[in-house]
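A short worksheet on the structure shown next.
Just so we're clear, the structure is a prediction, and the values are computed from it rather than from any experiment. Atoms within a ligand are numbered from 1 in the order they appear, just like the ligands themselves. Note that these values count all heavy atoms, side chains included, but never hydrogens, waters or copies made by symmetry.
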Amino acid sequence: MLDSQHMPSILREVGETFSTLIQGFSVTFRNMFRKTVTENYPYEKVHFQPRYRGIHVLHRDESGLEKCVGCFLCAAACPANCIYIEAAENTDAKRISAGERYASVYNIDYSRCIFCGYCVEACPTDAITHGHGFELAPYDINSLIYRKEQLLEKPSGTPAKLS
Ligand code: SF4
Ligand code: SF4
């Protein structure tokens, strides 16, 4: 038998449970009538959030020169140690970037990259960003090492990988 002492606490518990159920189901019912967001890949283009971190893009400036000046800061910031750079000097006859040096080799090993974005944060010239490329799965792990030619924007501004 329930005594009158316990009655208020039981009623409170029932009330709280009921209000929790209403809150929970209100989320369910609200979402039941929302437009579905399922991606119909590969039959339709995938819709990315603007800040999605995909395959990197190495950028050019407005005159078409490479923004990367071969400073190695991205490689130093990379926690997965997956960026390999070789830098070379620009000359008057052969100018690749606006700085003193440019990256003659720029590789990213996507079998190690964790898409943390530290390289992007570390770059002083905004030379590297994440693009929206995501189709990385290969049969051969060696092909996960992307070279500069695959990452570098074309002079038209189109990322090499996505063109
Ligand atoms: S996203 Fe992170 S792990 Fe990948 S290359 Fe940049 S710093 Fe390294
Ligand atoms: S991408 Fe940026 S941080 Fe990395 S070497 Fe080039 S200029 Fe330096």
Please could you name the atoms of ligand 2 that [X] approaches to less than 4.0 Å, counting only its heavy atoms?
X	result
V69	6 (Fe), 7 (S)
P124	3 (S)
T125	7 (S)

Which atoms of ligand 1 have any heavy atom of [X] under 4.0 Å away?
X	result
C113	1 (S), 3 (S), 4 (Fe), 5 (S)
F115	1 (S), 4 (Fe)
I83	5 (S)
G117	1 (S), 2 (Fe)

Is there a side-chain contact between L152 and R60 in this structure, where contact means two heavy atoms from C-beta onward sitting under 4.5 Å apart?
yes
Please check if L21 and V27 belong to a single hydrophobic cluster, counting links between Ile, Leu, Val, Met, Phe, Trp and Tyr side chain heavy atoms closer than 4.5 Å.
no
Without hydrogens or angle criteria, can the side chains of [X] and [Y] be said to hold a donor-acceptor pair below 3.5 Å?
X	Y	value
E100	Y102	no
Y41	E135	yes
Y110	H56	yes

Of the listed options C123, G99, C68, closest to atom 2 (Fe) of ligand 2 (non-hydrogen atoms):
C123
Check: of D109, I128, I114, V120, min heavy-atom distance to atom 3 (S) of ligand 1 comes from I114
Any atom of ligand 1 sitting under 4.0 Å from a heavy atom of H56?
yes
Ligand 1 contacted by A77 (non-hydrogen, < 4.0 Å):
no
Donor-acceptor pair, side chain of N90 and main chain of G99, under 3.5 angstrom
yes
Donor-acceptor contact below 3.5 Å, side chain Q150 vs main chain R147
yes
Show the numbers, then the answer: is there a side-chain contact (heavy atoms from CB on, under 4.5 Å) between F72 and R101?
CA-CA 11 Å; F72 294 87; R101 296 191 299 173; 4.3 Å; yes
List the closest protein heavy-atom neighbour of [atom]: residue, atom name, distance to the nearest 0.1 Å.
atom	answer
atom 8 (Fe) of ligand 1	C78 SG, 2.3 Å
atom 4 (Fe) of ligand 2	C74 SG, 2.3 Å
atom 6 (Fe) of ligand 1	C119 SG, 2.4 Å

Please state which part of I85 comes within less than 4.0 Å of ligand 2, counting heavy atoms only: side chain, backbone, both or neither.
side chain
Any salt bridge between K45 and E39, counting N to O under 4.0 Å?
no
Tell me if the aromatic rings of F48 and F134 count as close, with their centers under 6.0 Å from one another.
yes
Backbone or side chain, does C71 get an N/O/S atom under 2.8 Å to atom 8 (Fe) of ligand 2?
yes
